[in-house]
Amino acid sequence: MFKKSLQLTAFVSTVIMSVGVAAPISQGATVKHNANMRKGASTKYKVTGLLQKGEEVKILSQSNGWYKIQDSDNEKGWTYSTHINASDKELQNTTDKNSGVVRFNLNFRKGPSTDEKIISVLQTGEKVKILSQSNNWYKIQNTSGKVGWAYGKYIKTSDKKDDTNGTFKDTANVRKGASTKYSVIETLKKGQKVKVISSLDGWYKIKCPDGQVGWTHGSHIDSSVPLYKYKSENKSKKSSDSSTTSSKSSSKKISNSKNSVTYGSKSGNKMVVSATAYSGDSITSTGTTPKFGTIAVDPSVIPYGTKVYIPRFGQTFIAEDCGGGIKGNRIDIFMNSESECNSWGVRSITIEILD
């Protein structure tokens, strides 16, 4: 009897092992520590969940150092690659088939640093497969199947569209802000192609090949992007440029030596204002999201919704915001970064009321 029981137990165990049990299947990637999962590949996207340390996930694709993943609850989202432990095999099997070509002979290293040991030298024109990214370094697989690291600046990726619109005319510095008082973050050589984002005071804001964003003087770059140069409004005049508000006028006027503007009347009126700048994530007084093209005004002087042309930038802005310090002939221009605001400072400029 006892022998038969053992035989039956062994038989049942064999059947269970053959059929399989509903055990979790290792997906080749685990969460290193608690981390956010987001809607997109950037911290600007909304957090959709929290990944737990040790949780197993599946990597679906990669983008600029971020992994698109599927978590243990089958929810999909994005998290930064440094939060995930993934095997080379897992990375190679992702749906993102990001490939690249080596621009110049390049050291192939064991880790993402010049302190790491050199495995070999990648040859100019050699094709590689990009597995992940850490800062400005790519984790790649070379033509021999070996996996290592190389500096991303010297690898041209094939999955990205060429969105460059500027070329360096000579070797020049790239700085943190639009002035020589800012520190140098990189030096680019003659012939280097870059993406020109905007311009300010004769400087171009550019995106470098390694992803860094900085400023270079416009004289060093050939680009189709208009280069706006600051022209001083303080030309010699017989009378003062300062603007004053008439307390006796019932139609609110601001005047200078040449122009007188009545708000709410004809378009095309000009005035001189003191212009400052602001940035950041917020909502305007009219409920909109500020962008370059938004200005804060004193609504008793320039009504909300008014279109204002600023010759300094060659474009039309909309009065959508206000501020405690924005009174009378003063405006605040929304800019995309704090460094742009610092470069702008406070300036006396001419604006034109369009409607």
Side-chain angles (χ1 to χ4, degrees), residues 177-182 197-205 215 217-219 225-246 252-280 284-286 288 290-355:
S179 167
T180 53
K181 70 180 181 182
Y182 290 96
I197 301 169
S198 62
S199 67
L200 180 69
D201 280 359
W203 289 69
Y204 276 134
K205 184 178 183 181
W215 294 82
H217 195 269
S219 61
V225 177
L227 180 63
Y228 295 118
K229 297 180 180 180
Y230 177 62
K231 296 179 180 178
S232 175
E233 304 287 349
N234 300 321
K235 297 177 181 178
S236 58
K237 298 178 181 178
K238 292 183 180 179
S239 57
S240 172
D241 273 338
S242 61
S243 302
T244 57
T245 304
S246 172
K252 288 194 190 288
K253 294 183 178 181
I254 291 182
S255 61
N256 58 33
S257 59
K258 290 186 178 180
N259 305 308
S260 180
V261 53
T262 303
Y263 295 99
S265 63
K266 297 191 214 176
S267 64
N269 295 301
K270 296 180 180 179
M271 64 180 290
V272 174
V273 297
S274 176
T276 51
Y278 72 110
S279 65
T284 68
S285 301
T286 58
T288 61
K291 59 186 180 302
F292 185 68
T294 297
I295 56 172
V297 299
D298 180 346
S300 67
V301 177
I302 303 177
Y304 288 139
T306 300
K307 293 181 179 179
V308 178
Y309 179 72
I310 304 181
R312 165 67 185 77
F313 295 104
Q315 76 174 65
T316 300
F317 290 69
I318 306 293
E320 296 180 308
D321 207 356
C322 69
I326 309 302
K327 302 294 182 185
N329 60 321
R330 182 176 172 184
I331 65 170
D332 211 10
I333 304 169
F334 184 86
M335 293 190 176
N336 295 320
S337 68
E338 187 177 349
S339 65
E340 289 178 276
C341 295
N342 292 335
S343 296
W344 178 265
V346 182
R347 302 185 187 188
S348 178
I349 63 172
T350 297
I351 65 173
E352 185 175 349
I353 309 298
L354 299 181
D355 62 11

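Owing to the predicted nature of the structure, the values given are computational and were not obtained by experimental measurement. The first residue in the sequence is number 1, and the count goes up from there. Note: hydrogens, waters and symmetry copies are ignored here, and every other heavy atom, side chains too, is used.
- Aromatic ring orientation, F317 versus F292: perpendicular (interplanar angle above 60°, classes split at 30° and 60°).
- In this structure, S198 and N336 have side chains that are not in contact, with every pair of non-hydrogen atoms separated by 4.5 Å or more.
- When the side chain to side chain donor-acceptor pair (under 3.5 Å) test is applied to T316, no partner is found at least two apart in sequence or on another chain.
- Across all their heavy atoms, T276 and V346 have their closest contact at CG2-CG2, 3.6 Å.
- Between the side chain of Y204 and the backbone N or O of V225, at least one donor-acceptor pair lies under 3.5 Å.
- Looking at every heavy atom in both residues, Q315 comes nearest to G293 through NE2-CA, 4.0 Å.
- Of all heavy-atom pairs spanning A296 and Y278, the tightest one is CB-CE2, 4.2 Å.
- Rounding to the nearest 0.5 Å gives a distance of 11.0 Å between NE2 of H217 and OG of S199.
- Formation of a donor-acceptor pair under 3.5 Å by the D321 side chain with backbone atoms of I295 is not found in this model.
- The shortest side-chain heavy-atom distance between I351 and K270 does not fall under the 4.5 Å cut-off.
- In terms of heavy atoms, A178 sits closest to S343 at N-OG, 3.5 Å.
- To the nearest 0.5 Å, atoms CZ (R330) and OG (S348) are separated by 12.5 Å.
- Looking only at side-chain heavy atoms (C-beta outward), F313 and L200 come within less than 4.5 Å of each other.
- The closest donor-acceptor contact from the side chain of W344 to the backbone of A275 lies under 3.5 Å.
- When side chains are defined from C-beta on, I197 does not count as touching W215, because their heavy atoms never get closer than 4.5 Å.
- Every residue meeting the side chain to side chain donor-acceptor pair (under 3.5 Å) condition with S337, not counting sequence neighbours, appears here in chain and number order: S339, E340.
- With hydrogens and angles disregarded, no donor-acceptor distance shorter than 3.5 Å links the side chain of T284 to the backbone of P290.
- Annotation: side chain of V297 is not in contact with side chain of V308 (no heavy-atom distance under 4.5 Å).
- Shown here for C322 and S285, the closest heavy-atom pair between the two residues is SG-OG, 3.1 Å.
- Atom CZ of R312 is separated from atom CD1 of I333 by 8.5 Å, given to the nearest 0.5 angstrom.
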side-chain contact (heavy atoms from CB on, under 4.5 Å) assessment of I349 paired with I310: CA-CA 8 Å; I349 63 172; I310 304 181; 3.9 Å; yes

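- D298 places a side-chain N or O within donor-acceptor distance of the main-chain N or O of G328, the cut-off being under 3.5 Å.
- In this structure, CD in E320 is found 11.0 Å from OG1 in T306, a value given to the nearest 0.5 Å.
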